Amino acid sequence: METLSGSLLWLVIGLLIVYFGFMSWLGKKGAAHSGSMEGFATARGKVNPWIVGTSFAATYSSANLFIGVPGLAYQYGTSVLWYTLGCFGASWIGLLLFAKTFWRYGHRFGGVSTLPEWLGRRYNSKALQVFVALLILFNVYYIVGQNVGLATIFETIIGIPYFWGIVIGVAITILYIGMGGAYAQMMTDGIQGIFMAVTSLLVFISLFWTIGGGWNVFGELSDKLAAIDPHLIAPLSNGGPYNSVMAIMAVQFLLFSFVLMPHLLSKVLSIENEEDLKPFTLSSGITLFLISTLMVLGGLAARVLAPNLEKADQAIPVYIMEAFPPVLVAFIIVGIISAILSSTDGLYLGVTSSIGNDIYKPLAPYLHRGKQMTEKAIDQAAVKTSKVALVFVGLASLYISLDRPDSLAMLIQFSFSAIISGVIAPITLGYFWKKGNNFGAIVGLFTGVGLYVFFMNYQVIANMFIAMFVSAVASFIMMMMVSALTGKEVSEEALPAKNIS
Amino acid sequence: MFMTYWVLLGLLWAVGLILWNSIYSKESKEG
């Protein structure tokens, strides 16, 4: 597999230098808004809701959707379309249903900055806040997945060795997030989202010449895939993750609840006025549609063009080099890198905001016993903690990335499934059920995560989506039972308007 | 499979827009 050479290589490198320079400039601009924890974590009211919406979709769509899932499509065929269908459909509908109530509660609590803080206020439990924040550390694996995707692109297309690809990716991201926090994250995502949407459209359009057949391009694609292997056009795959109706239903459940991922749902907290939720949610929907439903088709086409690739994750890089003239290849490479960076920066921000806001801040009174610290001083120290944590999380992800994992999609899906299994019951019941209390929420959290990890580690349930579904159901049941048994209702009036330490 | 894909996507757009309009328009109540 040839890397780029000559003028194209320099064009790509030039574009990337300009691109990274611009991200850093946005980082610097964001520094003005990242002095407080609220500013660092959410930049509330500082970014146009249309851009927050694009940022939501861009963060959602990562190396998973741009490389991993097309790679799965390359390997297993059209059954993978059930996944991308859910990425737009189930996830957008999930966002529409969850966003308003989540925002209203956040507003009622006097402004929260993160998901763990939201849960902590809702159940009046600092312990819950800390536990959820610790759970979010699982996202380091999600970050590792992104690092691998980026390094693979650099290696496949530019010829940069894997190790240096990882280092570059980690360094750039922690630089602009460290400087600019949520403001930088959302502004860079706004631009990255546009690149990604255009990239997806280009890949879609390219099918008309790589596969051919005029208006019957999809009929043509079906025929060509069937000629390689009839299983590739079956609605259920032969082996792989989408091999049964139950697995596909479980995937839809995952994608519906995916919006509860802390680094995504907390974008709702960046919205200052309730009426801005309207453009925010529409913008998310449009961008999600463009980004998530079209890129996968490139993976299917890649199987026709290059049926014998060593690794399925090479499908998209190989495809774009075959399908496009050099200038567009350069543009699309930046589009793919955007997909990766826009998720990675959201993940770093989510993990480190939680370290500062949800682990350091609640524990600060104990850590600084004997020292009188004002609320403002603690807030400042929390922001500093977040920024320092950024470096450590970056180094941790670098270390884990060096042992190159086999399937990007599987690694990423494991990490977020574990988190969702834990938080789905406390969040959902937090909306509808007044009887939910802190004991129930904590037990629900541990049940969901514990069961999921158990199922995956001991292969009790082979399919990770079904394992997630079962763990989530068990979590709901345990939370409801424990809340009912341990009694007191957390009534609406009792919920504190502002957190009193 | 591709026909199914496009049809379902169209349906999802329709459902999404209906929900969006009813939940996020100014007059909507607590929901």
Side-chain angles (χ1 to χ4, degrees), chain A residues 49 73 77-101 103-105 108 207 216-222 225-226 232-237 252 274-286 288-289 292-294 296-297 300 431, chain B:
Chain A
T78 56
S79 65
V80 177
L81 293 176
W82 292 112
Y83 186 85
T84 55
L85 203 60
C87 283
F88 165 60
S91 294
W92 189 38
I93 289 172
L95 177 68
L96 290 168
L97 293 174
F98 283 115
K100 189 171 197 171
T101 310
W103 186 90
R104 280 195 169 164
Y105 269 108
R108 197 177 304 172
L207 260 54
N216 191 36
V217 58
F218 292 104
E220 192 73 26
L221 180 58
S222 283
L225 285 170
L232 289 175
I233 57 166
L236 297 176
S237 62
Q252 303 311 319
E274 190 170 326
E275 57 263 21
D276 287 338
L277 289 173
K278 193 169 192 194
F280 160 70
T281 46
L282 182 63
S283 171
S284 302
I286 295 171
L288 258 178
F289 169 74
S292 57
T293 60
L294 304 180
V296 63
L297 302 170
L300 291 168
Y431 283 11
Chain B
M1 188 60 204
F2 288 112
M3 200 54 180
T4 313
Y5 192 54
W6 303 122
V7 168
L8 285 174
L9 279 174
L11 280 171
L12 288 165
W13 260 115
V15 171
L17 285 171
I18 291 169
L19 275 176
W20 172 76
N21 196 47
S22 81
I23 298 174
Y24 294 93
S25 51
K26 270 206 179 117
E27 316 80 47
S28 75
K29 296 261 155 53
E30 183 103 84

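These values consider heavy atoms only, across backbone and side chains, with no hydrogens, waters or symmetry-generated copies. Throughout, a chain's letter reflects where its sequence line sits, starting with A, and its residues are numbered from 1. Remember, predicted model here, so these are calculated numbers, not experimental data.
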Residue pair B:Leu12, B:Val15: steps toward the side-chain contact (heavy atoms from CB on, under 4.5 Å) verdict: CA-CA 5 Å; B:Leu12 288 165; B:Val15 171; 5.6 Å; no
Can we call the ring centroids of A:Tyr431 and A:Phe98 under 6.0 Å apart? yes
Verdict with supporting geometry, A:Thr84 and B:Tyr5, side chain to side chain donor-acceptor pair (under 3.5 Å): CA-CA 9 Å; A:Thr84 55; B:Tyr5 192 54; 2.7 Å; yes
Can you say whether A:Val296 sits under 4.5 Å from chain B via the side chain, the backbone, both, or neither, judging by heavy atoms? side chain
So, for B:Trp13 and A:Trp92, is the gap between ring centers shorter than 6.0 Å? yes
B:Trp6 versus chain A, heavy atoms under 4.5 Å apart: side chain, backbone, both or neither? side chain
Under 4.5 Å from any heavy atom of chain B, what part of A:Phe88 do you find: side chain, backbone, both or neither? side chain
Residue B:Leu17 versus chain A: region with a heavy atom under 4.5 Å: both
When you measure from the side chain of B:Trp20 to the backbone N and O of A:Lys278, does any donor-acceptor pair fall under 3.5 Å? yes
Check each atom of A:Ala234 against the heavy atoms of chain B and say whether the ones under 4.5 Å are side chain, backbone, both or neither. neither
Side chain of A:Gln252, backbone of A:Trp82: donor and acceptor closer than 3.5 Å? yes
Please classify the contact between A:Ile286 and chain B as side chain, backbone, both or neither, with a heavy-atom cut-off of under 4.5 Å. both
Most contacts with chain B, counted as non-hydrogen pairs under 4.5 angstrom, among A:Ile93, A:Leu95, A:Ile233: A:Ile93
